[in-house]
S.K.: 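Have a look at this one.
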Amino acid sequence: MNLINRFIKYVQYETTSDENSASYPSSLSQKEFAKVLFNDLKELGVKDLTLDEYSLIYGGIEGDSSLPTIGLIAHMDTSPELQGGNFIPKIIENYDGGIIELNKTYRLDPQEFTNLKDHLNQTLIVTDGEHLLGGDDKAGIAIIFEIIEYYLSHLEIKHAPIRFCFTPDEEIGNGASHFSIHKMKADIAYTIDGGRYNEVNYENFNAYSVSVKVLGRSVHPGSAKNLLLNAITIAMEYHDLLPKDMVPEKTEGYEGFNHLCDIKGSVEECEMSYIVRNHDLNQAKKQVQMFLTNASIIQEKYPRVNVIVTYKESYRNMYDYFKDHPLAIDKLKIAFEKAKEEIVFNPIRGGTDGAHITFMGLPCPNLGTGDYNCHGRYEYVSVDEMKKVVKILKALLEA
Ligand SMILES: [Zn+2]
């Protein structure tokens, strides 16, 4: 099956993950989709293949054992932000640079979505305006299938041993929770997921969650003078001590932030939840330290109030690992050169499953797929860019 047909086939399966579900995978549709992929892989002739109890698929193709084993990873679920699947995507051949009508209400306008200007004369696949496309990450799955099919039908071509894995629940942050590097059996790996085809990510945020709880004292307001300690207003005072410009809405690139994402409370008790982000681990730790210092300042001002700060590390910047283990990046640089494509490194202002997998001991940067505007109705994929990713991966596997 060719790349387009396979992609079209897979995006028609609904595989939305569900953040409110207690099961793994979080939705039955992903479990069903894993079975479809498993059967398709068997049909292609993949012999070394397992589907485990968490619906993760692992498989491999033998290769030259003198070369490092390369793993390729993509996720099966789509974002819960909009329904996917059960619709017919539209194929735009030879894109002319104009407005693309998705349906009567929604349109992709290059004035608004300026990336479209990079796809002149390319083949694009777009939504029906009512669903997300699901190219995130079925583009990654279709690309990996293309690689598998190619090497299984070209046994004469020498390549590195290949391992691959398809994971559920990436969109709700659980893509790596049941991933096993022992089952993966690779020396280096890549997530093939989202964004421009030549964009590589191996830097992400260091992340902490911080909770600040203020315990005040409630007294009837009629007789509250010199007695009442309002936890809400004292919490606001605490928040005011944080740097005003170090917030997501005022930062970009390598700039870190503290983000107040939830506040709830009463006069008696008020709790604020923050996320703390920085690419530099020492800076991230300093930001967390500031939360503790500010608690002492408030505490000193209001000795009868209790300010309790707790924090937890959420994930780490994988760059700190790659500094000492550059093989996965070095090999990619060589592959891009061989494929005559320009490599673009872009730091992620978030985390990835690859970051978790990297700290499990399997270096795992991310490579784009040619999928744009993910998680919504304006999502589209460039088939030309998907093909370029296939070319780059072949160069990587044959280096
Ligand atoms: Zn994705």
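Since this is a predicted model, take the numbers as computed values, not measurements. As the structure lists them, so they are numbered: ligands from 1, and atoms in each ligand from 1.
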S.K.: With the Zn ion (ligand 1) as the centre, enumerate protein N/O/S atoms below 2.8 Å in chain and residue order.
M.R.: His75 NE2, Asp136 OD1, Asp193 OD1, Asp193 OD2
S.K.: What pairs with Lys47 under salt bridge (charged side-chain N to carboxylate O under 4.0 Å, His left out), at least two apart in sequence or on another chain?
M.R.: none
S.K.: How would you list all residue pairs meeting salt bridge (charged side-chain N to carboxylate O under 4.0 Å, His left out) that involve residues 291-315, not counting sequence neighbours?
M.R.: Glu237-Lys301
S.K.: Could you tell me whether Lys286 atom NZ has more than 12 heavy atoms of other residues or ligands within 6.0 Å of it?
M.R.: no
S.K.: Got a sec, which pairs hit side-chain hydrogen bond (donor to acceptor under 3.5 Å, both in side chains) with one end in residues 212-230, sequence neighbours left out?
M.R.: none
S.K.: Any donor and acceptor pair, going by atom type alone, linking the side chain of His239 with main-chain N or O of Ala235 inside 3.5 Å?
M.R.: no
S.K.: Distance alone, cut at 3.5 Å: any donor-acceptor contact between the side chains of Asn204 and His279?
M.R.: no
